[in-house]
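Structure first, commentary second.
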Amino acid sequence: MKRRWIAGAAGLAALFLGAKLYAAPDNYDAVERGRYLVTVGDCVACHLVQGTAVGNVPTGGSAFAGGRAIETPFGNILAANITPDRETGIGSWSEDQFYRAMHHGVRANGDRLYPAFPYNYYTRVTREDSNAIYAFLRTLEPVRNAVDRNALPFPLDIRAAMIGWNMLFFEPGEYRPDPARSAEFNRGAYLVEGLGHCGACHTPKNRLGGDRDSLHLAGGPIQGWYAPSITGDERTGIGAWSVEEIVQYLREGRNTRSAASGPMAEVVQYSTSLMTEADLRAMAVYLREQPRRAAPAAPPAALAADDSRMRAGEALYLDRCMACHRRDGAGVPGIFPRLAGSQVVQQDGTETVLRVVLQGTRAAYSPHAPTSPAMPAFGWRMDDAQVAAVTTYIRNAWGNAASPPTTDDARRMRERLSDRVE
Ligand code: HEC
Ligand code: HEC
Ligand code: HEC
């Protein structure tokens, strides 16, 4: 039974990645399991060959040939070529060396890897699963693509500095199931905390880029977005979502409460939309049981409806937004997301709301929900004060309550977006 769903999902993932088998492997089962685990680990999202248009799915070796810039607070780090090319990829690595990279963040030649490669999560992956991933990667077509891997500014260009970072923020170790919990909870924990590396975005970071463990999964800014809390917190987290609603979001990129855009749309597209129903359910069960973790500040009181910012924002909302999101902020299920009561709208960080209004966004592509409605960009027809007013309004209308974005916040986000190379 278990075999069957793994093979089914792996088949789907194969179709999706279009990965060609380079040599007929004699370890077929491990390869197929590895193919599925690579999907769970979302390796493609970072390792796809540079220059692939956002939303396109590369195939075969080029899905793993590297070169994409991963944004970190310290600068961009280019993802490695992990095809079996002997000179520019990992073709000469042994299974042990591969496990050491996943488990300890150390390259075959002994150099330290930067945590832009989420080894601080992949360390929880079992030896057996690591070997299966290795077996799958060996079957890829080797692609010759030399990636310049040392582009960080001084002093972080010294890979040895990562020894100190690891001492502070890294605890190696495979996931140990908690015998007091159900098998489903443990499977969910293994996926979320390991290959899924959900906390890489959803756990806020300290100034050195380490996870703030006391706020595990409680939400934080990431790459110019805000990854919301995915704890069981009812106001800012997903405590009010049912298991089915979480599964639907991860499979289709939307549900009646929310829609995935930006980095989460990629997670859905390359990873969660291709995972098995059983694994999605396990993750949902685990997430819902994550305790509410103290937000850095107490939840703010809603602004009064006659506050001048609220009045300006409301007028803009009625004019520009109401047609889709409706007067009462309820949206249209499955088409226009609900803003009233929305976790995305009320996050502590204002990055996502500002960005969505300035730049617009398109929902995730997934095989389960192929047509995606788009949210238009308003940056070119609203000034910074108007963007601040309308986002202040949606964060404080209909029972919502969250800090008001300022004109300066809107200006900074606009500058940031215009600097970006997508
Ligand atoms: C969030 C982005 C991201 C994801 C997801 C990711 N990687 Fe990476 N990976 C990187 C970056 C960036 C580097 C280069 C790090 C460095 O140079 O220190 C890297 C390096 C590596 C290396 C070391 C290669 C070498 O030559 O040093 C291996 C092996 C690797 N990744 C395998 C994987 C596998 C397998 C997965 C999926 C299970 C995966 N990665 C998922 C970003 C990512
Ligand atoms: C690359 C960064 C990144 C990773 C990795 C990531 N997320 Fe997200 N996630 C985000 C962002 C950003 C949002 C907000 C998207 C939006 O507002 O449209 C989000 C939104 C969500 C939401 C919706 C929350 C809400 O209140 O609307 C859920 C649920 C979620 N993520 C679950 C997960 C799970 C489970 C994983 C691991 C399998 C994961 N995410 C991994 C960045 C990420
Ligand atoms: C033409 C219809 C349309 C109009 C007009 C529109 N939106 Fe949207 N909006 C959408 C769609 C569709 C999405 C979902 C996109 C996605 O799935 O990522 C969305 C998403 C959003 C989100 C993110 C919600 C979430 O859960 O991720 C916010 C916030 C938002 N809109 C605010 C606004 C504001 C403020 C205005 C007016 C300035 C506005 N929208 C005008 C269609 C519209």
Side-chain angles (χ1 to χ4, degrees), residues 37-38 40-47 64 66 68-70 72 77-82 89-90 93 98 101-102 105 107-109 111-119 122 125 130 133-134 137 147 149-150 159 162 191-192 195-202 219 222-223 225-230 236-238 241 246 249-250 253-254 257-268 271-272 275 283-284 287 316-317 319-325 331 335-339 342-345 347 351-353 356-357 360-364 372-376 378 382 387 390-391 393-394:
L37 295 168
V38 155
V40 177
D42 205 12
C43 318
V44 173
C46 293
H47 285 279
F64 301 90
R68 186 176 193 189
I70 309 304
T72 78
I77 301 183
L78 303 185
N81 178 352
I82 55 169
I90 59 169
W93 290 31
F98 181 77
M102 294 285 282
R107 301 190 68 199
N109 68 1
D111 278 355
R112 302 279 154 170
L113 288 158
Y114 297 115
F117 164 53
Y119 64 85
Y122 294 161
V125 173
S130 170
I133 293 172
Y134 176 81
L137 293 175
V147 176
R149 302 274 300 285
N150 292 302
R159 287 185 178 271
M162 288 300 125
L191 294 167
V192 166
L195 277 177
H197 68 283
C198 314
C201 295
H202 286 278
I222 182 89
Q223 300 165 4
W225 293 82
Y226 193 88
S229 166
I230 49 172
T236 57
I238 52 177
W241 297 23
I246 300 173
Y249 181 94
L250 295 172
R254 70 177 89 109
R257 295 171 181 272
S258 192
S261 26
M264 192 62 204
E266 289 191 23
V267 171
V268 171
S271 179
T272 56
M275 286 173 65
M283 293 206 296
L287 289 177
L316 286 161
Y317 183 84
D319 189 32
R320 316 280 172 92
C321 323
M322 182 181 79
C324 296
H325 294 286
I335 306 176
F336 303 122
R338 189 181 176 89
L339 304 182
S342 154
Q343 294 84 357
V344 171
V345 171
Q347 289 301 310
E351 289 87 350
T352 296
V353 275
V356 164
V357 170
T361 167
R362 171 168 288 280
S372 44
M375 152 91 188
F378 287 90
M382 278 190 184
V387 170
V390 81
T391 49
Y393 176 73
I394 60 173

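Since we're looking at a predicted model, the values are computed, not measured. Every number for a ligand or one of its atoms is a count from 1 in the order of the listing.
- The ligand atoms of ligand 1 that sit less than 4.0 angstrom from a heavy atom of R107 are 25 (C), 26 (O), 27 (O).
- For atom 38 (C) of ligand 1, the nearest non-hydrogen atom of the protein is C43 SG, 2.6 Å.
- Ligand 2 lies within reach of L287, whose nearest heavy atom is under 4.0 Å from it.
- By the 3.5 Å distance cut-off applied to N or O atoms, Y226 is not counted among the residues near ligand 2.
- The residue among P228, C324, G262 with a heavy atom at the shortest distance from atom 2 (C) of ligand 3 is C324.
- You'll find the side chain of Q347 stays beyond 4.5 Å of the side chain of T352, heavy atoms only.
- Near Y114, meaning under 4.0 Å from any of its heavy atoms, are these atoms of ligand 1: 16 (C), 18 (O).
- Atom-to-atom distance recorded for M283:CE and C198:SG is 5.5 Å, nearest 0.5 angstrom.
- For the ligand labelled ligand 2, residue V344 lies inside the 4.0 Å heavy-atom shell.
- Looking at heavy atoms from C-beta onward, S261 lies in side-chain contact with W225 at the 4.5 angstrom threshold.
- Contact between G237 and Q343 at its shortest, heavy atoms only, is O-CG, 3.0 Å.
- Residue contacts with ligand 2 include V267, since one of its heavy atoms falls under 4.0 Å from the ligand.
- Listed by number with element, the atoms of ligand 1 under 4.0 angstrom from any heavy atom of C46 are 1 (C), 2 (C), 3 (C), 4 (C), 5 (C), 42 (C), 43 (C).
- Summarising the geometry, atom CD1 belonging to I246 is positioned 6.0 Å from atom CG belonging to L287; distances are rounded to the nearest 0.5 Å.
- Atom OG of S271 sits about 8.5 Å away from atom CE of M264, to the nearest 0.5 Å.
- The protein non-hydrogen atom at the shortest distance from atom 32 (C) of ligand 1 is F117 CE1, 3.7 Å.
- Among protein heavy atoms, the minimum distance from atom 34 (C) of ligand 2 is reached at C198 SG, 3.5 Å.
- Contact check for H325 versus P337: side-chain heavy atoms found under the 4.5 Å cut-off.
- Under 4.0 Å from ligand 3, the heavy atoms of M382 that appear belong solely to its side chain.
- Counting heavy atoms from C-beta outward, V38 and F64 have side chains that approach closer than 4.5 Å.
- Distances below 4.0 Å separate heavy atoms of T352 from the following atoms of ligand 2: 17 (O).
- In this structure, of P118, S229, C201, the residue bringing a heavy atom nearest to atom 42 (C) of ligand 2 is C201.
- Atom SG of C46 and atom CD of E266 lie 8.5 Å apart (nearest 0.5 Å).
- By the criterion of a heavy-atom distance under 4.0 Å, the side chain of I82, and not its backbone, is placed next to ligand 1.
- Residue A259 places a heavy atom under 4.0 Å from ligand 2.
- Atom 36 (C) of ligand 3 has its nearest heavy-atom neighbour, among A323, P376, S261, C321, in C321.
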Audit row: L113, M162, side-chain contact (heavy atoms from CB on, under 4.5 Å) steps and yes/no: CA-CA 7 Å; L113 288 158; M162 288 300 125; over 6 Å; no

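- Under 4.0 angstrom from ligand 3, there are no non-hydrogen atoms of L316.
- In this pair, Y393 and Y317 present their aromatic rings tilted. The plane angle is within the 30 to 60° band.
- Less than 4.0 angstrom separates some heavy atom of I335 from each of these atoms of ligand 3: 12 (C).
- Two residues are said to be in side-chain contact when any heavy atoms from C-beta on lie closer than 4.5 Å; H202 and S229 fail this criterion.
- The aromatic rings of H47 and F117 stand perpendicular to each other, their planes meeting at an angle above 60°, with 30° marking the opposite boundary.
- Annotation for ligand 2: atoms under 4.0 Å from non-hydrogen atoms of A260 are 18 (O).
- Those atoms of ligand 3 that come under 4.0 Å of a heavy atom in V357, given as number and element, are 35 (C).
- Of the options R338, M264, R254, M375, the smallest heavy-atom separation from atom 11 (C) of ligand 3 is shown by M375.
- For the residues E266, H202, H197, the heavy atom positioned nearest atom 6 (C) of ligand 2 is part of H202.
- Residues M382 and V390 form a side-chain contact, since some pair of their non-hydrogen atoms from C-beta on lies under 4.5 Å apart.
- Between V125 and L37, the closest side-chain pair of non-hydrogen atoms is not below 4.5 Å.
- Listed by atom number, the atoms of ligand 1 under 4.0 Å from L113 heavy atoms are 15 (C), 16 (C), 18 (O), 23 (C), 27 (O).
- Counting only distance, with no hydrogens or angles, the side chain of R68 and the backbone of A45 share a donor-acceptor pair below 3.5 Å.
- Two residues are said to be in side-chain contact when any heavy atoms from C-beta on lie closer than 4.5 Å; Y114 and I70 fail this criterion.
- Considering CG of L339 and SG of C324, their distance stands at 10.5 Å, rounded to 0.5 Å.
- The heavy atom nearest to atom 28 (C) of ligand 2, out of those in W225, W241, Y249, is found in Y249.
- For ligand 1, the atoms closer than 4.0 angstrom to any heavy atom of F98 are 29 (C), 35 (C).
- Scanning all protein heavy atoms for the shortest distance to atom 26 (O) of ligand 2 gives Q343 CB, 3.2 Å.
- Inclusion of H47 in the first shell of atom 8 (Fe) of ligand 1 is supported: an N, O or S atom falls under 2.8 Å.
- Taking every non-hydrogen atom of D42 and a distance limit under 4.0 Å, the qualifying atoms of ligand 1 come out as 5 (C).
- Atom-to-atom distance recorded for D42:CG and M275:CE is 10.0 Å, nearest 0.5 angstrom.
- When the heavy-atom distances from atom 24 (C) of ligand 3 to S258, S342, A374, P337 are ranked, the shortest goes to P337.
- For A45, the closest heavy-atom approach to ligand 1 does not fall below 4.0 Å.
- Every atom of ligand 2 with a heavy atom of G196 under 4.0 Å away is listed here by number and element: 37 (C), 38 (C).
- Side-chain atoms of Y134 come within 3.5 Å of backbone N or O of W93 as a donor-acceptor pair.
- For ligand 1 and Y122, the ligand atoms under 4.0 Å from any heavy atom of the residue are 4 (C), 5 (C), 6 (C), 36 (C), 37 (C), 38 (C), 39 (C), 41 (C).
- Only the backbone of L78 comes within contact range of ligand 1, with a heavy atom under 4.0 Å; no side-chain atom does.
- Heavy-atom contacts of R320 reach the following atoms of ligand 3: 5 (C), 37 (C), 41 (C) (cutoff under 4.0 Å).
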